[in-house]
Amino acid sequence: MSGGELLRLEGLEKHFILSRGLGWSRRRLRAVDNVSFAIPAGQTLGLVGESGCGKSTLGRVLVGLIAPTGGRILLDGQPVSPARSQTERRHIQMVFQDPYASLDPRMTIHEVVAEPLRINGGYTPERVDALLAQVGIAAEAGRRLPAQFSGGQRQRIAIARALALDPRILILDEAVSALDVSIQAQIVNLLRELQRRIGLTYLFISHDLSVVRHISQQVAVMYLGRIVEIGPCAQALDSPAHPYTQALLSAAPDPRRRGRRRIVLAGDLPNPLDPPSGCVFRTRCFKATERCAREVPALAPLPDGRQVACHYAEAVDRTRLAELLVPLTRASQDAGIPITKETHKEDPK
Amino acid sequence: MSVQPAPRPRWRPPLGSWSMLFAAVILSLILAVIALVPLLPGYDPYQQDIFNSLLRPGSVVDGRIHWLGTDFLGRDLLSRIALAGRVTLLIGLSAVSLSLVVGVMLGLIAGYFRGPLENVIMGLADLQLSVPRILVVIAVTAVLGPNLVTLTVLLGLTSWVTYGRVARAMTLSLREREFVLSATTQGASSAWNIRRHILPNVLPQMLILGSYELGQIIVIEAALSYLGLGVQPPVPSWGRMISEGQDFLQIEPWLAILPGLAIFMLVAGTQFLSQRFTPEGMQDADLTALRKRR
Amino acid sequence: MSVPVLETRDLAVEFAGPEGPVRVVDKVSFTLDPGEVLGLVGESGSGKSVTLLAVMGLLPPTARIVSGEVRFLGQRIDTADETALQRLRGGDMAMIFQDPMTSLNPVLRIGTQIAEAIALHRPGLGRRAIAARVVELLGMVGVPDPEARSRQFPHEFSGGMRQRAMIAMAIANEPKLLIADEPTTALDVTIQAQVMEVLEEVRARTGSSMVLVTHDLGLVAETAQRIAVMYAGRIAELAPTEAIFERPAHPYTIGLLASLPSLDATGEMLASIPGQPPDMRQRPPGCAFHPRCHLGRDRTRCAGERPVLAALGDGRLAACHYAREAEAGAATAIPSGVGVAG
C-alpha cells in the first residue's frame with residue numbers, strides 16, 4: 001500500500017487581503033506561506049503548531065473549502081484543478097475538530113452517514129450500516145440523533161461519514177483534541193487500524209505533540225504560516241533542531257517528566273498582519289541574533305535529511321532540552337528582563 | 001457486564017410537560033369553537049334581535065341558549081366569535097405565511113450567498129423598517145379601498161423583515177458550521193446545503209417567530225378594523241369585536257373580554273406549542289416517535 | 001496539626017432533571033492543607049467542576065447540596081448565608097476560571113476591574129493606594145508596562161495576558177485559597193507554560209493553597225502535591241502526586257495513565273479504556289467503573305457493592321475492592337514507565 005507519494009504540495013500559499021478603514025490600507029495576511037511537503041501513500045504526516053499558525057487554513061485549502069492564492073497541490077502526481085472535479089473531491093476528505101458541530105443536529109445518524117452517498121450517488125442502507133460498523137457503531141443506533149451520542153461516538157460517526165466516499169486521504173483537523181484522554185486513545189487506535197486496513201493516508205493536524213508522535217511517520221511544525229521544521233518524527237520530535245520545536249516539546253506538560261524545567265518562550269505570537277522582519281520567530285526566540293532580523297532563514301536540510309528554517313539549527317536530544325536551555329531563560333529573567341514582551345517591537349537586541 | 005436496573009421512568013404528562021399540555025388544551029378548545037360552532041343549527045352570527053341585545057351569558061331566548069350572551073345588536077356572541085375567528089385566522093395565517101416565505105427566502109439568500117445581493121436585501125429591510133407599517137397599510141388601503149385580500153397581502157409584505165433578519169443571521173453562522181462545510185467537501189451544492197442543512201435548522205425558529213407575529217398581526221388587524229380600514233361590517237373579526245365592545249366596557253365587559261380571551265387562547269396556545277420545535281423541546285418530546293414520522 | 005484550609009466531607013450534589021434528581025457529585029471527601037496544591041482530575045462529566053461550584057456556593061439554581069459539609073478554615077460554609085459567602089469570595093477564597101474572555105467584563109478597563117476587586121474587600125483603602133496596588137499586581141503577574149496596560153480593555157489583551165490579569169485579580173486580596181478551574185485549557189502550550197509559571201510564582205509569594213481542576217494529567221503532575229482522580233461523581237483515588245503516577249491503585253487511574261499518548265512510546269496501539277463514561281442518570285450499581293474495568297467487569301462484588309475510599313498507607317486512598325491487585329498489575333498495564341521522573 002505504501003511507497004509512492006500520494007499527496008504533494010508545491011509552494012502552496014493562501015494570503016488574505018484585508019482592507020482597513022476606508023479601504024486605503026490593504027494588508028496581507030500570509031495564513032499559509034510557501035508550504036511544500038509530500039506524504040507517501042498509506043502514511044501519516046503530523047502538522048503541528050499553535051492556534052493562528054495556519055495549520056487549519058492549510059487543511060481547508062487541501063480539502064477545497066478555501067482556494068489557494070498560489071502554489072500547487074498534486075494528487076498522485078497530477079495537479080488538482082482549482083475547481084475540483086467530483087473525483088478529486090472524493091479523494092480528499094476531512095474530519096473536523098468539534099464532534100458537536102460537525103453533525104447536523106436534526107439528522108439521524110443514518111442520514112448523516114448517508115448524505116455523501118446521496119449527494120454522489122450509491123446510497124444503500126446496507127452501505128451505511130457497513131460504514132457505521134467499520135467505526136464500531138451498531139446499525140440500530142442509526143435511528144438516533146447526534147445529541148444522544150457522546151463526543152467519542154460522534155467522532156466515530158464523523159469518521160464513518162468521511163469514509164463514505166472511499167477517500168484516499170483524510171485531513172484530520174484536531175480530530176481528537178476535543179476528546180477526553182481515554183476516549184482519545186480509542187479514536188487514535190481506530191484511525192490507525194483503519195489506516196492499516198484500507199491503506200488510508202492521513203494529514204493529522206494537531207497541537208498535541210504526543211498524539212502526533214503516536215500516529216505519524218513524519219511531522220511538520222508551523223509557525224506564522226510557514227513550516228519551520230519538517231522531517232521524520234524520530235528526528236524532528238526526538239531531537240528537534242528548530243528553537244520553536246524545542247520550545248514546544250519542552251513546554252508540553254507531561255506526567256512522565258515531572259519536575260523537569262521548561263523552556264518558557266517570551267511573549268505572545270506576533271501580529272500576523274505585521275510579522276517581524278527576517279525570521280518570524282525571532283521575537284520570541286532564545287537564540288535570536290541580529291542576523292535573524294535581517295535574513296529570512298530558508299528551509300534547508302540538515303545532514304540527517306530533515307529540513308529546518310533556522311540560521312542556528314542544531315539538533316538537541318529531547319531529553320536534554322531543559323538542561324541546555326533553561327539556564328539561559330532563567331538567567332535572562334533573573335537579570336530583570338521580563339518573561340514576556342509586548343507583541344513584537346522592532347529590533348530586540 | 002451487569003445490566004443496570006433501568007431507573008423507574010418518572011410519570012410525565014402527555015406531550016412531555018405541563019405547559020405543552022395546557023397549550024394543547026386551550027388551542028384545541030378555541031379551534032373547536034371556530035370549527036364547530038358555525039355548524040350548529042339555529043345560530044346565525046348576523047341575525048340581529050334588538051330587543052334581546054346585551055344579554056348576559058347563558059341567557060335563554062325562545063328556547064335557544066345564548067351561551068356567551070348577545071352583543072349590542074342582539075347577535076349571538078358565541079357564533080360571532082367563531083365566525084370572527086375564521087376571518088381572523090384566515091387573515092393572520094395567510095399574512096404570516098406570506099411574510100415567512102418572503103422573509104426566509106430573502107434571508108437565506110442574503111446570508112448564504114453574501115455579496116452585493118446581501119447589501120440590496122438588507123438595505124431594503126432597513127428602508128422598510130424606517131417606515132411605520134401601520135402608515136403604509138393606511139396609505140395603501142386609502143387608495144385601493146379596504147378589502148380582505150389587500151389587507152392580508154399588505155400585512156404579509158410589511159412584516160417579512162423580522163424573519164429576513166433572523167434567517168440571515170442564522171444562515172451566516174450555520175454556513176460556517178462544520179456539518180455544512182463537511183457536506184461541501186463531499187460535493188454538496190449550495191441548493192443542497194440550503195435545503196438539507198440551513199432551512200431545517202432555520203425553520204423551527206421561524207415558526208416560533210411566526211407564532212409571535214400572528215399575535216402582532218391580529219392586533220394590527222384589530223387596530224385597522226377599529227379605524228374602519230380593516231374587516232368591514234357586518235363581517236366580524238376579533239379586533240372589531242373588541243373595539244365594538246369597548247363602548248360597553250363599564251356595563252357589559254364580557255363583550256370585549258371574550259374576544260380578547262379568544263385571541264389569548266389562540267396566540268398563547270400556538271406560542272407554547274411552537275416551543276416544542278426548539279432543540280430543547282425536541283429533547284422533551286418523545287424523540288423516536290417524532291423521528292418515525294419522517 | 002493545623003486546620004485544613006478546605007475540607008469537604010461526604011459532599012453530594014444533585015441536579016434536578018426531567019426524570020428526577022441526578023446525583024452528579026457523590027460522597028466526595030478531601031482536605032487541603034495550608035500551602036498545598038491539590039489537583040482535581042477527571043474527564044468531562046466526572047463532577048470535578050460541580051464539586052468546586054458547590055464549595056464556592058455557586059451552584060446553579062437547579063442544583064443543590066443534598067448531604068455532607070464543606071469547611072473553610074474550620075468553618076462550615078455550605079450552610080453559610082449569601083452575604084457571608086460574598087465576603088469570602090474574592091477575599092479569602094478566590095477563583096480563576098477557564099475562559100478569561102468571559103470572566104472579564106468587556107466594557108471595563110482591566111485596571112478598573114482589579115481595583116473593584118480590591119475595593120470590595122478593603123473599603124478603607126484610598127483611590128491612590130488601590131491604583132498603586134493594581135499596578136503592583138499586574139507587574140507581579142508579568143504584564144509588561146503595567147501602568148499603561150491597566151488602562152486598556154480586555155479585548156486589547158491576548159489570551160495569555162487576560163489570564164494573567166485574572167490571576168492578578170484573584171490574588172489581589174491575598175487569598176488563603178485559590179480555586180483554579182482549567183486555568184490554561186484555552187491557551188496554547190507555550191502560553192500555558194508562561195501562565196502556570198506565573199501562577200506558581202504568585203502562589204509561592206502569597207502562600208495560598210490551591211485546588212487545581214483540570215483534565216490534563218501533565219499539568220497537575222507538575223503543579224500539585226496531591227491528586228484526586230474523579231470518576232462518575234466520586235473520588236476514585238486520592239494520593240500524593242508521585243504515588244498517583246508511580247503506584248496508581250485504582251484501575252481507572254491506571255487506565256487513564258495508560259491511554260495517555262507519550263512522546264517516548266510509539267508504534268504500538270495506545271491502551272484505552274473500553275466503553276464510555278456512564279450517563280449519570282444511570283450510574284452502574286456498585287462500583288461505577290466496573291463495566292469498563294478489566295478487574296471488576298466479571299466480579300459480582302464490584303457490581304453489587306460500592307467501594308469506599310480506603311487507606312493504602314503513605315497517604316494513598318483508593319476506592320477499589322481490589323486496589324492491591326490493581327496496583328500490582330499497574331506496572332505491566334502502563335507502557336514506558338510513567339513513573340520515571342524526568
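Everything numeric in this text was worked out from a predicted model, so none of it was measured. Naming: A, B, ... by sequence-line order, numbering from 1 per chain.
Contact of A/Glu115 with chain B is made through backbone and side chain together, with heavy-atom distances under 4.5 Å. The part of A/Leu65 that comes within reach of chain B is its side chain, from C-beta onward, which places non-hydrogen atoms under 4.5 angstrom from that chain. Looking at A/Arg90, there are no atoms closer than 4.5 Å to chain B (heavy atoms on both sides), in backbone or side chain. Contacts of A/Asp104 with chain B are made by both backbone and side-chain atoms, with heavy-atom separations under 4.5 Å. Contact of A/Arg60 with chain B is made through the side chain alone, with heavy-atom distances under 4.5 Å.
The pair A/Asp129-A/Arg143 does not count as a salt bridge, with every side-chain nitrogen at least 4.0 angstrom from each carboxylate oxygen. A salt bridge links B/Arg196 with A/Glu111: the closest approach of a Lys/Arg side-chain nitrogen to an acidic carboxylate oxygen falls below 4.0 angstrom.
Side-chain contact of A/His207 with A/Glu174: a donor-acceptor pair under 3.5 Å is present, judged by distance alone. Side chain to side chain, A/Gln43 and A/Thr201 fail the donor-acceptor criterion of an N or O pair below 3.5 Å. With no hydrogens or angles considered, a side-chain donor-acceptor pair links A/His15 and A/Arg28 at under 3.5 Å. Side chain to side chain, A/Gln195 and A/Thr44 meet the donor-acceptor criterion of an N or O pair below 3.5 Å. Using modelled atom types, one finds a donor on one side chain and an acceptor on the other under 3.5 Å when comparing A/Arg156 with A/Gln186.
Under the salt bridge (Lys or Arg N to Asp or Glu O under 4.0 Å) criterion, the residue pairs touching residues 119-131 of chain B are B/Asp126-B/Arg165, with sequence neighbours excluded.
Scanning residues 166-188 of chain B against chain A with a 4.5 Å heavy-atom cutoff picks out B/Arg177, B/Glu178, B/Phe179, B/Leu181, B/Ser182, B/Ala183, B/Thr184, B/Thr185, B/Gln186, B/Gly187, B/Ala188, ordered by number.
Of the residues listed (A/Ile39, A/Val32, A/Val35), the one engaging A/Leu9 in a side-chain contact (heavy atoms from CB on, under 4.5 Å) is A/Val35, and it is the only one.
Taking A/Met94, A/Arg84, A/Gln93 one by one and counting their heavy-atom pairs under 4.5 Å with chain B, the maximum is reached by A/Gln93.
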